[in-house]
Q: 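Got a structure here, written out as C-alpha cells. Questions coming.
Nothing here was measured: the structure is a model prediction, and the numbers come from that model.
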Amino acid sequence: MSCLLPWVKAIGQKSLGAKAPWPVTTYEAENMTTSGKLLGPVYGPYQVQTASSDQMCVALKGANAFVAFTAQQRANAMVIRYSLTDGASGESRQAGLLILINGKAAAHAAICSKYSWLYGDYPFTNRPQAGKPRNFYDACRIKALSIEPGDQITIKLEGTPKDASSCMIDLVDLENVPPPLKAPQGAIWLTDARLVSEQTSAGDYTVALRKAINLALKSSKKVWIPAGVYQISGDILLPSDICIQGAGMWYTNFVGDSANYPNPQRRVRFKGAGDHIYLSDFSITGKLDYRSDEEENDGIVGSFGTNSTISRLWIEHTKVGMWLDNSSHLTIEGCRLRNTIADGINLWVGVTSTVIENCSARGTGDDCFAIWPMASAAQKYQPGHNLIKDCTAQLPFLANGIAIYGGNSNQVRDCLLEDISAGSAILLSTTFPTKKGAMDNNFSGKTRIENCRISKSGGFDHSWDWRGAVEFCLDKKNITGIVLKELSIDSSLSSGIHIIGHTDNGTITTNTDTLLNFQGRMDNIRIGKFGLGTSVNTTDGLSVTGPVGGVLECQNTQLNKTEHKASRLLIKGD
C-alpha cells in the first residue's frame with residue numbers, strides 16, 4: 001500500500017534547502033513600502049529584531065498602519081509572519097489584518113499573541129515580569145486569493161488603537177497552491193455516515209477517525225480526509241499497514257480543542273505503533289501556548305517500525321512537530337514544521353536508516369531537526385545511518401538548526417540554514433545522555449556534514465552563552481570521526497566554527513590534565529564575516545575553548561585559524 005504522490009523537483013541548477021511542490025516567493029517586510037517603522041538589524045538575545053529574518057522587521061503602530069509590495073508571481077495563498085505584543089500581564093491580545101489587492105479588500109485575518117511570547121528562564125513562563133522575552137512570532141495563513149504578477153498587495157492593521165498598538169511584520173510568503181487532491185479509489189471517507197456520532201456532529205472527529213482506521217484495516221483500504229477542518233481531542237493510534245491521506249496541507253486540517261488542550265491526553269496526537277504506516281497531505285494545528293517537559297508530546301509521535309512514510313504534512317502550535325522512536329527506513333519528506341513549542345523533528349530512541357528530506361522548519365522552540373539516540377529507553381534498532389538532506393532550517397527561538405547528539409554515521413547534506421540566532425546552525429554535541437550500562441550511542445563511524453549554506457547563525461544560547469555557527473560541544477565525552485565538506489558560513493553572529501570542551505559540572509575549564517579528544521577533517525570550507533553579535537566572547541573564524549586535544553585536518557579551506565585557550569588541538573593543513 002502506498003499514499004505517495006509525485007513531488008515536484010526544481011529544474012535546472014541544484015539549489016540548497018527544501019523545495020516547495022508549487023511556486024513560493026518570500027517578501028521581506030524591510031523591503032516593502034510602509035507607514036510603519038523599520039527595526040534592526042540588531043544582533044543580540046531577547047530582541048524581536050534578532051528573531052526576525054535578516055534581523056529586521058517593520059513595526060506597525062495603531063489601526064490602519066500598513067506594509068505594501070508588488071507581487072512577482074501568480075498566487076492564491078499567503079502566509080504572514082507577525083508579532084503582536086502581549087498584554088501587560090501576559091494576556092493574549094488580538095487584532096486583525098486586512099489584505100487588499102490593488103486597493104480592494106480581498107481577505108481578513110485574525111491575529112493574536114496567545115501562541116507567541118514566552119519569558120524568563122527555561123522552560124519559560126507566560127509572565128512578562130520574568131523578563132528575557134523570546135518566541136516573538138506567530139503566523140497566519142490566508143487562502144482563496146487571486147493574485148497576478150504586478151498586483152499591489154497591501155496588508156493593513158485593523159483593530160482599536162489599544163488592541164493594535166504594536167505589531168511587527170517580518171515577512172510574507174505568496175504561494176500558488178494547486179487544487180485539492182481527489183480521493184483514492186475505494187477509500188474510507190472520514191465523513192462517511194457510518195462513522196458519524198454525536199461527538200462528530202458537534203465538530204469533534206476523534207471517534208470517527210478511530211472508527212475509520214478500524215474499518216480501513218478490516219477492508220485493506222485507505223482513510224481519506226476530504227478538505228475541511230476536523231477537531232481532534234485524543235490519541236489517534238496508527239497500527240501497521242494504515243494509510244491516512246488528506247486533500248493537501250492547505251485544505252485538510254486537524255485542529256486541537258482549546259477547551260481540552262490543558263489536558264495532555266486530550267491534544268492532537270497521531271501515535272505510530274506499527275510498520276508500513278503512511279501519512280500524507282494534511283495539516284495539524286495544536287493549541288499549545290506553554291512548554292512543560294513533564295508532559296507528553298503532541299503532533300506526530302511514536303514508533304513507525306519499518307518502511308513507513310510521512311509526506312507533505314504542515315504542523316504547528318504543537319509541542320513538537322514529530323518526536324519519533326524505534327523506526328527503521330522511515331522516510332519523512334515535504335513537511336513543514338512551524339511555530340512549535342519544542343523541536344521540529346527529533347529522531348529519538350532507536351531510529352536507523354531514516355531520511356528527512358525536503359522539509360522546512362521555521363519558528364520552532366527547540367532544534368529544527370535533531371538526532372538524539374537516547375539509550376535510557378528500549379531500542380528496537382541500533383541507532384545510526386540517518387540522513388537529513390535538502391532541508392531548510394530558519395529562526396528557531398531556542399536551540400539550533402540541525403543538532404546531532406550522537407549515533408553511528410549520521411549525515412547532513414545539501415541543507416540551507418538561516419537566521420539561527422538562539423544557537424548553532426549545526427551543532428554536534430555530547431550534552432544529552434546516550435549511554436546506559438554497556439550501551440553507548442556516542443558518536444561513532446563517520447559523521448558527515450556536506451554541501452550546506454549557513455548564514456546569520458551562531459547566536460546566544462541561554463545555557464551555553466554564544467555558540468558558533470557550526471559547533472562541536474565535547475561535554476565530558478569525545479567527538480571523533482567528523483567530516484565537514486563544502487560548507488559556506490557567512491555573517492555569523494559569533495564564531496564561524498567553534499570547538500568547545502568542558503568537564504567540570506557544566507563549567508568551561510582550561511584545565512589541561514584531562515583532555516577531551518576531537519578528531520575531524522575539513523575540506524572546502526569558506527567562512528565569511530563573523531562576530532556580528534553584541535558582547536560576543538569569541539569572534540573568530542575558528543575558535544577552540546576548553547580542554548580539547550586531537551587533530552583537525554584542513555584542506556582547501558579559508559578561515560581565521562585562531563585558538564583561544566586551546567589545549568593541544570593540532571590544526572594542520574592549509
Q: Nearest heavy-atom pair of D366 and A399: which atoms, and what distance?
A: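 Closest heavy-atom pair between D366 and A399: OD1-CB, 3.2 Å.
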Q: For residues 340-351, dump all side-chain donor-acceptor pairs below 3.5 Å to protein atoms at least two apart in sequence or in another chain.
A:
| from | atom 1 | to | atom 2 | distance (Å) |
| --- | --- | --- | --- | --- |
| T340 | OG1 | A342 | O | 2.7 |
| D343 | OD2 | N346 | ND2 | 3.3 |

Q: Taking all heavy atoms of G401 and all of I420, pick out the closest pair and write down the distance.
A: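 Reported closest heavy-atom pair: N-CG2, 3.6 Å.
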Q: Give me the atom names and distance for the closest heavy-atom approach of F530 to G541.
A: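 Here F530 and G541 meet closest at CZ-N, 3.4 Å.
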Q: Check whether any side-chain N or O of N297 sits under 3.5 Å from a backbone N or O of W323 as a donor-acceptor pair, and report yes or no.
A: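 Judged by distance alone, no pair lies under 3.5 Å.
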Q: Counting C-beta onward and ignoring hydrogens, is there a side-chain heavy-atom pair between I332 and L324 closer than 4.5 Å?
A: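 Yes - at least one pair of side-chain heavy atoms lies under 4.5 Å apart.
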Q: Would you call D298 and V268 a side-chain contact if the rule is heavy atoms closer than 4.5 Å?
A: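 The answer is no; the side chains never approach within 4.5 Å.
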Q: Tell me, do D490 and K529 make a side-chain contact under 4.5 Å, heavy atoms counted?
A: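 Yes, close enough: below the 4.5 Å cut-off.
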Q: Closer than 3.5 angstrom, by distance alone: can the side chain of N400 be matched with the main-chain N or O of S424 as a donor-acceptor pair?
A: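 Yes, because the side chain of N400 sits within donor-acceptor range (under 3.5 Å) of the backbone of S424.
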Q: Atom SG in C415, atom CG in D390: separation rounded to 0.5 Å?
A: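 So the gap between those two atoms works out to 7.0 Å.
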Q: I'd like to know whether I99 forms a side-chain contact (heavy atoms from CB on, under 4.5 Å) with M78, so could you lay out the CA-CA distance, the side-chain angles of the two residues, the decisive distance to 0.1 Å, and finally the verdict.
A: CA-CA 10 Å; I99 292 88; M78 176 184 296; 4.0 Å; yes
Q: Which distance, rounded to the nearest 0.5 Å, do you find between the NZ of K271 and the CD1 of I236?
A: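 With rounding to 0.5 Å, NZ (K271) is 12.0 Å from CD1 (I236).
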Q: Strictly below 4.0 Å, N to O, side chains only: are D523 and K485 in salt-bridge contact?
A: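 Salt bridge: no.
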Q: Will you find, in the side chains of S53 and Q394, an N or O donor that is under 3.5 Å from an N or O acceptor?
A: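 Side chains of S53 and Q394: no pair found under 3.5 Å.
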Q: Is the distance between the ring centroids of F282 and Y230 under 6.0 Å?
A: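 Aromatic pair excluded; centres sit 6.0 Å or further apart.
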Q: Is Y251 close to L181 at the side-chain level, that is, under 4.5 Å between some pair of heavy atoms?
A: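 No, their side chains stay 4.5 Å or more apart.
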Q: Give, for atom OG1 of T392 and atom CD of E418, the distance between the pair rounded to the nearest 0.5 Å.
A: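 Output value for this atom pair is 7.0 Å.
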Q: Whether the side chain of R413 engages the backbone of N451 through a donor-acceptor N/O pair (distance < 3.5 Å, no angle test) should be reported.
A: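 It does not hold such a pair.
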Q: Are any non-hydrogen side-chain atoms of Y122 and S463 less than 4.5 angstrom apart?
A: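 Not in contact.
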Q: Pick one: which of L145, I101, T70 meets side chain to side chain contact (heavy atoms under 4.5 Å, CB included) with I153?
A: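 Going through the options one by one, the only one that passes is I101.
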Q: Which is it for R448 and S409 under the side-chain hydrogen bond (donor to acceptor under 3.5 Å, both in side chains) test, yes or no, and what are the steps along the way?
A: CA-CA 7 Å; R448 306 181 71 92; S409 301; over 6 Å; no
Q: Testing the basics here: between S455 and S457, what is the closest heavy-atom pair and its distance to 0.1 Å?
A: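 Shortest heavy-atom contact: O-OG, 2.9 Å.
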Q: Apply the ring pair (Phe, Tyr, Trp, His ring centres under 6.0 Å) test between W117 and each candidate in Y290, F136, F397; give the one that qualifies.
A: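 By the ring pair (Phe, Tyr, Trp, His ring centres under 6.0 Å) criterion, W117 pairs with just one of Y290, F136, F397: F136.
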Q: Can Q55 and T50 be counted as having a side-chain donor-acceptor contact under 3.5 angstrom?
A: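 Not at all, the side chains of Q55 and T50 share no donor-acceptor pair under 3.5 Å.
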Q: Where do C167 and Y82 come nearest, in terms of heavy atoms and distance?
A: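 Looking at all heavy atoms of both residues, the shortest contact is SG-CB, 4.4 Å.
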Q: Would R336 and S360 count as a side-chain contact (heavy atoms from CB on, under 4.5 Å) if you check the C-alpha gap in whole Å, the side-chain angles of each, and the deciding distance to 0.1 Å?
A: CA-CA 5 Å; R336 298 184 185 183; S360 67; 3.9 Å; yes
Q: Checking S308 side chain against I277 main chain: does a donor-acceptor pair fall under 3.5 Å?
A: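 Confirmed, S308 side chain pairs with I277 backbone.
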Q: Between N524, I525, I449, which is the residue that forms a side chain to side chain contact (heavy atoms under 4.5 Å, CB included) with E486?
A: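 Result for side chain to side chain contact (heavy atoms under 4.5 Å, CB included) with E486: N524.
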Q: What distance separates I499 CD1 from L428 CG, expressed to the nearest 0.5 Å?
A: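 Rounded to the nearest 0.5 Å, the CD1-CG separation comes to 11.0 Å.
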Q: Do F304 and T309 have side chains that approach each other closer than 4.5 Å (heavy atoms only, starting at C-beta)?
A: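 No - every pair of side-chain heavy atoms lies 4.5 Å or more apart.
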Q: Between E175 and W250, is there a side-chain donor-acceptor contact under 3.5 Å, judged purely by atom types and distance?
A: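 Looking only at side-chain atoms, E175 and W250 do form a donor-acceptor pair, the distance falling under 3.5 Å.
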Q: Parallel, tilted or perpendicular: which fits the ring planes of H317 and Y115, with parallel below 30° and perpendicular above 60°?
A: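 Ring orientation of H317 relative to Y115: parallel.
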Q: Under a 4.0 Å N-O cut-off, is there an ion pair linking D293 with R291?
A: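 Salt bridge present between D293 and R291.
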Q: Start with the C-alpha gap between L395 and R81, add the side-chain angles, then the distance that decides, and say whether side-chain contact (heavy atoms from CB on, under 4.5 Å) holds.
A: CA-CA 11 Å; L395 296 158; R81 189 171 194 252; 3.5 Å; yes
Q: Find the distance between CZ (R526) and CG (L487) and round it off to the nearest 0.5 Å.
A: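 So the CZ of R526 and the CG of L487 are separated by 10.5 Å.
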Q: Could you pull out the closest heavy-atom pair between S283 and N253, with the gap in Å?
A: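 That would be OG-OD1, 2.8 Å.
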Q: Step by step, work out the side-chain hydrogen bond (donor to acceptor under 3.5 Å, both in side chains) result for E316 and T285.
A: CA-CA 5 Å; E316 65 183 310; T285 305; 5.0 Å; no
Q: Tell me whether the count of non-hydrogen atoms from other residues, nucleotides or ligands lying under 6.0 Å of NE2 in H462 goes above 12.
A: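 Yes - once you tally the heavy atoms of other residues, nucleotides and ligands closer than 6.0 Å, there are more than 12.
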Q: As a quick check of understanding, evaluate side-chain contact (heavy atoms from CB on, under 4.5 Å) for F124 and N135, giving each step before the final call.
A: CA-CA 10 Å; F124 317 123; N135 188 27; over 6 Å; no
Q: Would T25 and Q72 count as a side-chain hydrogen bond (donor to acceptor under 3.5 Å, both in side chains) if you check the C-alpha gap in whole Å, the side-chain angles of each, and the deciding distance to 0.1 Å?
A: CA-CA 8 Å; T25 303; Q72 302 300 313; over 6 Å; no
Q: So do the side chains of T318 and R267 get within less than 4.5 Å of each other, counting heavy atoms only?
A: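 Side-chain contact under 4.5 Å: no.
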Q: Check whether any side-chain N or O of Q152 sits under 3.5 Å from a backbone N or O of G150 as a donor-acceptor pair, and report yes or no.
A: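 Here the side-chain-to-backbone pair exists.
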Q: Please check this pair: side chain of K319 against backbone of E295, looking for a donor-acceptor N/O pair closer than 3.5 Å.
A: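 Checked: pair present.
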Q: Looking at S116, S52, S83, which one forms a side chain to side chain donor-acceptor pair (under 3.5 Å) with Y137?
A: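 So the option named by the test is S52.
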Q: Are any side-chain N or O atoms of K182 and backbone N or O atoms of P180, one a donor and one an acceptor, separated by less than 3.5 Å?
A: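 Judged by distance alone, no pair lies under 3.5 Å.
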Q: Report yes or no: does T252 contribute a side-chain atom to a donor-acceptor pair with the main-chain N or O of I225 at less than 3.5 Å?
A: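 Between the backbone of I225 and the side chain of T252 there is a qualifying donor-acceptor contact (under 3.5 Å).
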Q: If I take atom CD1 from residue I497 and atom CE from residue M522, how far apart are they, to the nearest 0.5 angstrom?
A: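 Between atom CD1 of I497 and atom CE of M522 there are 4.5 Å.
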Q: Do NZ/NE/NH1/NH2 and the carboxylate oxygens of R362 and D170 come within less than 4.0 Å?
A: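 Result for this pair is no, no salt bridge flagged.
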Q: Any salt bridge linking D414 with K389? Criterion: basic side-chain nitrogen under 4.0 Å from a carboxylate oxygen.
A: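 Judged by the 4.0 Å cut-off on N to carboxylate O distance, D414 and K389 do not form a salt bridge.
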Q: Suppose we screen for ring-ring contact (aromatic ring centres under 6.0 Å, His included). Which residues come up paired with F443, at least two apart in sequence or across chains?
A: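 F443 satisfies ring-ring contact (aromatic ring centres under 6.0 Å, His included) with no residue once adjacent residues are dropped.
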Q: Taking the side chain as every heavy atom from C-beta outward, state whether H385 and Q411 have any atom pair closer than 4.5 Å.
A: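 Side chain of H385 against side chain of Q411, heavy atoms only: no contact under 4.5 Å found.
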Q: Test N410 against every option in T352, N386, T354, T447 by the side chain to side chain donor-acceptor pair (under 3.5 Å) rule and name the one that passes.
A: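 It is N386, the one option of T352, N386, T354, T447 that forms the side chain to side chain donor-acceptor pair (under 3.5 Å) with N410.
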